[in-house]
> 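Quick one: this structure, given as structure tokens, is what I'll be asking you about.
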Amino acid sequence: MDNLLEIERLEVEFDTWDGRVRVLDGVSFSLAAGETLGIVGESGCGKSMTALAIMGLVPRPAGHVTGGSIRFAGEDLVRAPESRLRQLRGNRIAMIFQEPMTSLNPVMSIGEQIAEAVMLHQKASRERAWRKAVTLLDKVGIPNAAERVNDYPHQFSGGMRQRAMIAIALSCEPDVLIADEPTTALDVTIEAQILRLIRRLQENRGFSVLFITHDLGVVRSVSDRVVVLYAGRGAESATTVTLFEAPEHPYTRGLMAAVPHVAARRKEGLAS
């Protein structure tokens, strides 16, 4: 498969009172068309910062991409002007953020937020964009979509808000979907539904997924390949099967050893 996204020796630094601090230090990986790549690691390892760098959303003025390249379909986004990034962001590269209540606009209806992206990037009329909003909400499993499209974020449950975020992200039919911890705040039943939904939509539309998580169980179930980040660096990269059967890096082995095993939990429960 051809690589749609190529990250090479990416470096991101932040200005602090004590000088510049490097938070990404030479991260490299690629994402092929139609592939799901998992990025896994503990909190603070650089997972979300990698996603923000790809989207051109590294916080300014403190944050800086100081080295490396981010190539999307052959175009280096590090050197692209902001006007070009705005054309790509939400259009060909979309992102699901980990906390929908801070990502959704509380004073705009869900339908307005979906339609806004469609009108901006696809130059659609308001009527056509609204129809697409209803269709998308229906596809992501929102019941009574024609009515709920008028609701505001606070009127949706946590799982429904995450589905609405997915609808917004997919509204312009992107080539790459970045899912940043999309199930962190959800219970396991809703989490499973969201993961199945993303997989089904990917199979139907053929987009690539960059799936960011700290959950090894999730990354194992959804990913074709996995990149393990540690302290802002790439510790290991392999197919999912290879990584879980024969992890090479000590940090990867440590992550796996830290996961509670179902059998062990059952024994503890029987002993108590």
> Are there over 12 heavy-atom neighbours, none belonging to Arg22, within less than 6.0 Å of that residue's CZ?
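More than 12 within 6.0 Å, yes.
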
> What distance do Asn150 atom CG and Gln155 atom CD have between them, rounded to the nearest 0.5 Å?
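Interatomic distance, Asn150 CG to Gln155 CD, rounded to 0.5 Å: 9.5 Å.
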
> Are Arg131 and Glu127 ion-paired here, with the side-chain N under 4.0 Å from a carboxylate O?
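Here Arg131 pairs with Glu127 in a salt bridge, since their nearest N and O are under 4.0 Å apart.
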
> Can you confirm whether Met160 sits close enough to Arg148 that some side-chain heavy atom of one is under 4.5 Å from a side-chain heavy atom of the other?
yes

> Is there a side-chain contact between Arg225 and Glu35 in this structure, where contact means two heavy atoms from C-beta onward sitting under 4.5 Å apart?
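Heavy-atom side-chain distance check passes, below 4.5 Å.
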
> Do side-chain atoms of Arg20 reach the backbone of Glu13 as a donor and acceptor pair under 3.5 angstrom?
no

> Side-chain heavy atoms under 4.5 angstrom apart, residues restricted to Ile, Leu, Val, Met, Phe, Trp, Tyr: same cluster for Leu52 and Val12?
yes

> Nearest heavy-atom pair of Cys172 and Ala117: which atoms, and what distance?
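Closest heavy-atom pair between Cys172 and Ala117: SG-O, 3.5 Å.
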
> Are more than 12 heavy atoms from other residues, nucleotides or ligands located less than 6.0 Å from atom CZ of Arg199?
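Result for CZ/Arg199: enclosed.
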
> Have Arg92 and His121 got a donor and an acceptor in their side chains that come within less than 3.5 Å?
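Distance-only check fails for Arg92 and His121.
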
> Quick check: closest heavy atoms across Leu136 and Ser171, and the distance to 0.1 Å?
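Taking Leu136 first and Ser171 second, the nearest heavy atoms are CD1-CA, 3.5 Å.
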
> Which atom names give the shortest non-hydrogen contact between Glu245 and Pro247, and what distance separates them?
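Nearest pair, atom of Glu245 first, then Pro247: C-CD, 3.7 Å.
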
> How long is the straight-line distance from CZ of Phe244 back to CE of Met256, given to the nearest 0.5 Å?
4.5 Å

> Going by an N to O cut-off under 4.0 Å, is there a salt bridge joining Glu173 and Lys132?
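Judged by the 4.0 Å cut-off on N to carboxylate O distance, Glu173 and Lys132 do form a salt bridge.
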
> Is Leu57 reachable from Ile212 through a run of hydrophobic residues whose side-chain heavy atoms are each under 4.5 Å from the next?
yes

> Does Glu248 pair with Arg253 as a salt bridge, N-O distance under 4.0 Å?
no

> Would you check, one step at a time, whether the test side-chain hydrogen bond (donor to acceptor under 3.5 Å, both in side chains) holds for Asp76 with Ser69?
CA-CA 6 Å; Asp76 189 357; Ser69 61; 4.9 Å; no

> What's the spacing between Ile168 CD1 and Ser103 OG if we round to 0.5 Å?
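The OG atom of Ser103 is 9.0 Å from CD1 of Ile168, to the nearest 0.5 Å.
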
> Between Met165 and Phe97, does the side-chain contact (heavy atoms from CB on, under 4.5 Å) criterion hold? Intermediate values first, please.
CA-CA 8 Å; Met165 284 290 297; Phe97 295 89; 3.9 Å; yes

> Test side-chain contact (heavy atoms from CB on, under 4.5 Å) on Met49 and Val58 and set out the steps.
CA-CA 7 Å; Met49 190 53 59; Val58 172; 4.3 Å; yes

> If I compare all heavy atoms of Gln113 with all of Pro153, which pair ends up nearest, and what's the gap?
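Heavy-atom minimum between the residues: NE2-CG, 3.8 Å.
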
> Between Arg196 and Gln193, is a side-chain hydrogen bond (donor to acceptor under 3.5 Å, both in side chains) present by the stated rule, with each step listed?
CA-CA 5 Å; Arg196 285 196 299 269; Gln193 293 175 2; 5.9 Å; no

> Heavy-atom distance under 4.5 Å between the side chains of Ile96 and Ile178, does that happen here?
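They are not in side-chain contact.
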
> For the CD1 atom of Ile93 and the CD atom of Gln87, what is their distance to the nearest 0.5 Å?
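The CD1 atom of Ile93 sits 12.0 Å away from the CD atom of Gln87.
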
> Do other residues, nucleotides or ligands put more than 12 heavy atoms under 6.0 Å from the CZ atom of Arg9?
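No - once you tally the heavy atoms of other residues, nucleotides and ligands closer than 6.0 Å, there are 12 at most.
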
> Any side-chain to backbone donor/acceptor pair from Thr240 onto Asp224? Under 3.5 Å, distance only.
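Here the side-chain-to-backbone pair exists.
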
> What about Val134 and Ile142, same hydrophobic cluster or not, with Ile/Leu/Val/Met/Phe/Trp/Tyr joined at side-chain heavy-atom distances under 4.5 Å?
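Same hydrophobic cluster.
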
> Mind running side-chain contact (heavy atoms from CB on, under 4.5 Å) on Arg84 and Leu88 for me, showing each step along the way?
CA-CA 7 Å; Arg84 176 57 176 157; Leu88 295 173; 3.6 Å; yes

> Roughly how far, to the nearest 0.5 Å, is CZ of Arg205 from CG of Leu177?
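The CG atom of Leu177 sits 10.5 Å away from the CZ atom of Arg205.
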
> Looking at Leu4, Ile7, Ile54, which one forms a side-chain contact (heavy atoms from CB on, under 4.5 Å) with Phe72?
Leu4

> Do side-chain atoms of Asp25 reach the backbone of Gly232 as a donor and acceptor pair under 3.5 angstrom?
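No, the answer is negative, given that no donor and acceptor are paired below the 3.5 Å cut-off.
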
> Please lay out, stage by stage, how His214 and Glu42 fare under the test side-chain hydrogen bond (donor to acceptor under 3.5 Å, both in side chains).
CA-CA 6 Å; His214 65 276; Glu42 62 191 328; over 6 Å; no

> Between Lys47 (side chain) and Ile39 (backbone), is there a donor-acceptor pair under 3.5 Å?
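Here the side-chain-to-backbone pair does not exist.
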
> Just by modelled atom types, is the Ile190 backbone N or O under 3.5 Å from a matching donor or acceptor in the Asp187 side chain?
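Looks like yes, one N/O pair under 3.5 Å.
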
> Counting only N and O atoms by type, is there a donor-acceptor contact under 3.5 Å from the side chain of Asn3 to the main-chain atoms of Glu6?
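No.
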
> Between His154 (side chain) and Asp151 (backbone), is there a donor-acceptor pair under 3.5 Å?
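Not a single qualifying donor-acceptor pair exists.
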
> Is the OH atom of Tyr251 crowded by more than 12 outside heavy atoms at less than 6.0 Å?
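Check passes, neighbour count above 12.
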
> Minimum heavy-atom separation for Ser221 to Leu195, with atom names?
OG-CD1, 4.4 Å

> Is it true that the side chains of Gln162 and Thr183 contain a donor and an acceptor less than 3.5 Å apart?
no

> Quick one, Leu104 and Phe156 - any side-chain contact, counting heavy atoms below 4.5 Å?
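The answer is no, as the side chains (C-beta and beyond) never meet within the 4.5 Å cut-off.
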
> Quick one: does Glu112's side chain have a donor or acceptor within less than 3.5 Å of a partner on Ser109's backbone?
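Answer holds: yes.
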
> Tell me, do Thr50 and Phe29 make a side-chain contact under 4.5 Å, heavy atoms counted?
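Yes, their side chains come closer than 4.5 Å.
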
> If you measure from the Lys or Arg side-chain nitrogens to the Asp or Glu carboxylate oxygens, is any gap between Arg71 and Glu8 under 4.0 Å?
no

> For the residue pair Trp130 and Ser125, establish whether any side-chain heavy-atom pair is separated by less than 4.5 Å.
no

> Could you tell me whether the side chain of Ile166 reaches within less than 4.5 Å of the side chain of Leu197, counting heavy atoms only?
yes

> Considering all heavy atoms of both residues, which atom of Tyr230 and which atom of Ala235 are nearest to each other, and what is their separation?
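Where Tyr230 meets Ala235 most closely, the heavy atoms are CB-CB, 4.1 Å.
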
> Calculate, to the nearest 0.5 Å, the distance between atoms CG and CG belonging to Leu170 and Leu201 respectively.
5.5 Å

> Is there a continuous path of hydrophobic side-chain contacts, each under 4.5 Å between heavy atoms, that joins Leu85 to Leu5?
yes

> Does Phe207 form a side-chain contact (heavy atoms from CB on, under 4.5 Å) with Asp175? I'd like the steps, not just the answer.
CA-CA 5 Å; Phe207 52 82; Asp175 300 302; 5.8 Å; no

> Shared ILVMFWY cluster between Ile194 and Ile114, side chains joined below 4.5 angstrom?
yes

> Would you say that Val40 contacts Val226 through its side chain, given a criterion of any heavy-atom pair below 4.5 Å between the two side chains?
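When only atoms from C-beta onward are counted, Val226 and Val40 do touch, with a gap below 4.5 Å.
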
